[in-house]
**Student:** 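Here you go, one structure.
Lettering of chains follows the sequences in order, A, B, ..., and the numbering in each one begins at 1. Since we're looking at a predicted model, the values are computed, not measured.
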Amino acid sequence: MQQKGKDNASSLLDKLNEAQRAAVEFCDGPSLVIAGAGSGKTRVLTYKIAYLLEKGLPPFYILALTFTNKAAREMKIRIAELVGEKKARSLWMGTFHAIFSRILRNEAEAIGFQSNFTIFDTSDSNNLIRLIVKEMNLDDKLYRPGHVHGQISRAKNSLITPAMYAANDEILQYDRMAKRPRLFEIYERYQNRLRSANSMDFDDLLMYTNILFRDHKDILEKYRNQFQYILVDEYQDTNFAQHLIVKQLADIHHRVCVVGDDAQSIYSFRGANIDNILKFKSNFQETQIFKLEQNYRSTQNIVNAANSLIKKNSEQIFKDVFSENEPGEKIEIRSSFSDFEEGLIVANKIARMRLEEHASYGAFAILYRTNAQSRIFEESLRKNNIPYRIYGGLSFYQRKEIKDVISYFRLIVNPSDEEAFRRIINYPTRGIGDVTVGKISAAAASHQVSLWQVLSSPTAYNLEINAGTLKKLDAFQTLIADFIDKNNQLNVFELAQEVVKNSGIAKEAYEDMTPEGMSRTQNIQELLNAMSEFVATRQEQGEENIQLVDFLSEVSLLTDQDTDKEGEAEKVTLMTVHSAKGLEFDHVFVVGMEEDLFPSQMAKSEIRGLEEERRLFYVAITRAKKTCSISYAKSRFKNGITNPAVPSRFLKDIDPKYLSSDSILGAESSFMTQADDFWGSMRTERIQKQERTISIPKKVTPLQQVASSIPLSKEAENLEEGDVIEHERFGRGVVTSIEMSGNDRRAFVDFESAGKKQLLLKFAKFTIIGHNENNR
DNA sequence: TAACACTTGTTTTTT
DNA sequence: ACAAGTGTTA
């Protein structure tokens, strides 16, 4: 047995290159695998897990965290092929959110939740925030739900609880200057409301896991002991909360392997912190670093072009990605008169290449920066009779009718769920309006109970409503109570049918004969099918007691990427660059390479944002195996009007020797000169733009106003080692060293609260508040 | 309370 | 252009 295990383990290693093998074989301490694009990152992870299993580690002891459910599923399949399905199935493998929601359900009581808690998606969160802002009589223009939620999300990702938030002078100061002084209060109320709804938002799943581990060492101990080996994929896209979970779980045995590519970190807007991977070595002592540098995916030209682009970024771990594939064709940059023409050009080229290169439609992908760009390509592809499949946009489970049905399930599983309650109390319409809901809500708030409790005994809470309304409320209460009852008797699918039938949803759906209504009916039917399938798969896997809460849990953490359908292979793929991460295609079209679109307008103000956009472009190019075409339009229709567009600054970041001759010619005749012209005038234009926005207070935060009024260059010039500075975002810090990088000066600063950061002096916004005299 | 017209922000990416 | 939220009217 031992011998056999060894044979299997070493035969696994035979299928890897030297660097991959070294990374797989090292199991005795923390390791960081820096995996260049297309270097077999997934291969290393799957083989490493298989290797561990063959070495005799039980699957139950292995924790593997992935970025998407799809990645987890695919990896499980591959591992099953290597070591058998039985072992693969018992692995703890999934997204952070999926795995830790599972753990939180097991341990819910320890943190004051019930194990049947429901999960709020972003729109649920925004609805609740909108409600709270209204209840507090605040200006909803100032406290826009999206903004507020973003701020709360950032706090949670940094493990700042409402109490900590309210006690942090720096944050409060920031909020005051941003004219949102009561954010801390909204955060607190929001969190209380979630708790009394026995619900969590996405960020809570990570924050409460940390709170659980912080306050219950025995529980932490239990999982520490269980997870003998921890693997994390896409480590560059983890945030602080995730990092700390991994760190704590690995703190005893130190057997942790994280895989990632700092050059592909593209989720900082969601709280991902590139420092997690840049500083992994200092966070985990005696880390072994492995670099996977051979790209097996793309042609040499594509790899070289991508390298020349990413070299323009300042923050990165050095690596030398190379390809031994054929040299391949050069990258073509095409310009077009309009976005409309861009669509036609791409569609025509796909049609032509398919015939000339005998490529199937499935070999093509069109990648864009924003989902809104998909429409124009849909049109052009449809005109050319080219089949396509769009990823992204709003997912199946975000559709109104689906969310409505799901809300019934949520309320059945967790009657405290406030959002679900509000959503369906008058859907389908049963004559219970805003006024009545308001009264229930007020009663619930003043008695510190859930809406459901008020509904269940309206007289006990002195609801002042007329007899007719009371009757309607009672009918609704009975309906749901009846479902709750049935939930204990019927299986998930049977209950779902019952809900659709008895709630009146079915009746309403059938009566609506409009095309949209028919499509809604179809979607609801599809949801029922999905549930039936869910029950069937779980049963096949030997699970007996399949609960509605399990279905909900799975569904609320599902991504659009995860709902993959069969028979989509022969279609052109349309998706955002973000969702293309981890995928590959023979022929890639990166479209809409224009200023303010790619890089996005939002990202431009900060150097870090700009570097992230460049990484995003890097991700886009490195998806291509054989050919990569880049395009931009000179005019683009956006928000209802057509605007002139200017080629992206990133185009000149690619070394021209990797571009096809006609794109270089084209560049010289039109875009380079035109663009250079533009880039020359950019600075003045940017400044004008800034000034313009300053005069409109709601567009710019006061902090930025203050910062832009400071003469930056003088500050930057005079900066010396040992100086104390006050930075716009990071607060107070000491300059530990200054060095040249390229033509720019860069300061390394140790901030009091934000930790160590690098600042490009050209761009950093700060003031010197203390000079170091010893230096003179 | 429900249906309708009007206004408003929205568009960077998503677990 | 469009969806979503708000206000107005029956």
**Student:** Hey, are A:T118 and A:S199 close enough side-chain-wise for a donor-acceptor pair under 3.5 Å?
**Tutor:**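 Yes.
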
**Student:** Return the polar atom pairs (N/O with N/O) between nucleotides 5-10 of chain C and the protein under 3.5 Å, or none.
**Tutor:**
from	atom 1	to	atom 2	distance (Å)
C:dG5	OP1	A:R130	NH1	3.3

**Student:** Restricting both atoms to N or O, compile the protein contacts to nucleotides 2-6 of chain B shorter than 3.5 Å, with distance only.
**Tutor:**
from	atom 1	to	atom 2	distance (Å)
B:dA2	OP2	A:N426	ND2	3.3

**Student:** Can you tell me which residue among A:T68, A:D237, A:T622 is in a side-chain hydrogen bond (donor to acceptor under 3.5 Å, both in side chains) with A:K581?
**Tutor:** A:D237

**Student:** Quick one: which of B:dT14, B:dT12, C:dA4 gets closest to the side chain of A:E613?
**Tutor:**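 Closest of the options to the side chain of A:E613: B:dT12.
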
**Student:** Is it the case that A:R399 places NZ or CZ above or below the six-membered ring of A:F396, under 6.0 angstrom from the centre and within 45 degrees of the axis?
**Tutor:**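 That pair does not qualify as a cation-pi contact.
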
**Student:** What integer distance in Å separates A:N126:CG from C:dA3:C1'?
**Tutor:** 15 Å

**Student:** Do A:F269 and the base of B:dT13 stack face to face, with centres under 5.5 Å apart and an angle between planes under 30°?
**Tutor:**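 Yes, A:F269 stacks on the base of B:dT13, since the ring centres sit under 5.5 Å apart and the planes are within 30°.
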
**Student:** For A:D203 and B:dT14, what is the distance between atoms CG and P respectively, to the nearest whole Å?
**Tutor:**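 Rounded to whole Å, this separation is 16 Å.
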
**Student:** Are A:S123 and C:dA4 close enough that a side-chain N or O sits under 4.0 Å from OP1 or OP2?
**Tutor:** no

**Student:** With a non-hydrogen cut-off below 4.0 angstrom, is A:F598 in contact with a base, only sugar-phosphate, or nothing?
**Tutor:** nothing

**Student:** Considering heavy-atom distances to DNA chain B, does A:L616 or A:T469 have its closest nucleotide positioned more toward the 5' end?
**Tutor:**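 Per heavy-atom nearest nucleotide, the more 5' residue is A:T469.
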
**Student:** Would A:F113 and A:Y208 count as a close aromatic pair, with their ring centres under 6.0 Å?
**Tutor:** yes

**Student:** Does OP1 or OP2 of C:dC2 have a side-chain N or O of A:R375 closer than 4.0 Å?
**Tutor:** yes

**Student:** Could you check how far CD of A:Q373 sits from P of B:dT10, rounded to whole Å?
**Tutor:** 19 Å

**Student:** Which is more 5' along DNA chain B, the nucleotide nearest A:V435 or the one nearest A:T576? Just name the residue.
**Tutor:**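 The residue whose closest nucleotide sits nearer the 5' end is A:V435.
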
**Student:** Atom NZ of A:K403 and atom P of C:dA4: how far apart are they, to the nearest Å?
**Tutor:** 12 Å

**Student:** So what does A:V577 hit on the nucleic acid, given a heavy-atom distance under 4.0 Å: a base, only sugar-phosphate, or nothing?
**Tutor:**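 Nothing, no heavy atom under 4.0 Å.
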
**Student:** Specify the separation, in whole Å, of atom CZ of A:F637 and atom C1' of B:dT10.
**Tutor:**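 Distance, rounded to whole Å: 14 Å.
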
**Student:** Quick one: is A:N371 getting a side-chain N or O under 4.0 Å of the B:dT13 phosphate, OP1 or OP2?
**Tutor:**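 For A:N371, the contact criterion (side-chain N or O under 4.0 Å from OP1 or OP2 of B:dT13) is met.
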
**Student:** What base-paired stems does DNA chain B take part in, with at least 3 consecutive Watson-Crick or G-U wobble pairs and both distances under 3.5 Å?
**Tutor:** B:1-10 with C:1-10

**Student:** Base, sugar-phosphate or nothing for A:F67? Non-hydrogen atoms, less than 4.0 Å.
**Tutor:**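 Touches sugar-phosphate only.
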
**Student:** Assert yes or no for the condition that the ring centre distance of A:F269 to A:H578 is strictly below 6.0 Å.
**Tutor:**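 Yes, close enough.
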
**Student:** For A:D204, is there an ion pair with A:K156 - N to carboxylate O distance below 4.0 angstrom?
**Tutor:**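 Yes, charged N to carboxylate O under 4.0 Å.
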
**Student:** ring-ring contact (aromatic ring centres under 6.0 Å, His included) with A:F340: which residues, sequence neighbours excluded?
**Tutor:**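 A:F340 satisfies ring-ring contact (aromatic ring centres under 6.0 Å, His included) with no residue once adjacent residues are dropped.
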
**Student:** Going by salt bridge (charged side-chain N to carboxylate O under 4.0 Å, His left out), name the residues that satisfy it together with A:K507, two or more places apart in sequence or in a different chain.
**Tutor:** A:E511

**Student:** How about A:H243 and A:F280: are their ring centres within less than 6.0 Å of each other?
**Tutor:** no

**Student:** Flag the pair A:R410 and A:D124 as a salt bridge only when some basic side-chain nitrogen lies within less than 4.0 angstrom of an acidic carboxylate oxygen.
**Tutor:**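 Yes, charged N to carboxylate O under 4.0 Å.
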
**Student:** For B:dT13, take OP1 and OP2 only and decide whether either is under 4.0 Å from a side-chain N or O of A:S600.
**Tutor:** no

**Student:** Tell me, with the steps shown, if A:S553 and A:R102 meet side chain to side chain contact (heavy atoms under 4.5 Å, CB included).
**Tutor:** CA-CA 9 Å; A:S553 208; A:R102 185 170 157 193; over 6 Å; no

**Student:** Output the rounded distance in Å from CG (A:L205) to C1' (B:dT14).
**Tutor:** 14 Å

**Student:** When all nucleic acid strands are considered with a 4.0 Å heavy-atom cut-off, which category describes A:T436: base, sugar-phosphate, or nothing?
**Tutor:**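 Here A:T436 touches the backbone only, sparing every base.
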
**Student:** Would you tell me if any nitrogen or oxygen in the side chain of A:R144 comes within less than 4.0 Å of OP1 or OP2 on B:dT8?
**Tutor:**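 False: A:R144 side-chain N/O out of range (4.0 Å or more) of B:dT8 OP1/OP2.
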
**Student:** Decide if the gap between the ring center of A:F589 and the ring center of A:F377 is smaller than 6.0 angstrom.
**Tutor:**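 Not close enough - the centres of the two rings lie 6.0 Å or further apart.
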
**Student:** Rounded to whole angstrom units, what separation is found between the NZ atom of A:K141 and the P atom of B:dT7?
**Tutor:**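 Taking NZ of A:K141 and P of B:dT7, I get 13 Å after rounding.
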
**Student:** Using the C1' atoms only, state how far C:dG5 lies from B:dT12, rounded to an integer number of Å.
**Tutor:** 23 Å

**Student:** Establish whether the base of B:dT13 is bridged to the side chain of A:R270 by a donor-acceptor pair shorter than 3.5 Å.
**Tutor:**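 Side chain to base: no pair present.
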
**Student:** Rounded to whole angstroms, how far apart are CD on A:Q601 and C1' on B:dT13?
**Tutor:**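 Going from A:Q601 (CD) to B:dT13 (C1'), I get 15 Å.
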
**Student:** Could you list the residues that satisfy side-chain contact (heavy atoms from CB on, under 4.5 Å) with A:K76, not counting sequence neighbours?
**Tutor:**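 Once residues adjacent in sequence are excluded, the partners of A:K76 under the side-chain contact (heavy atoms from CB on, under 4.5 Å) criterion are A:M93.
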
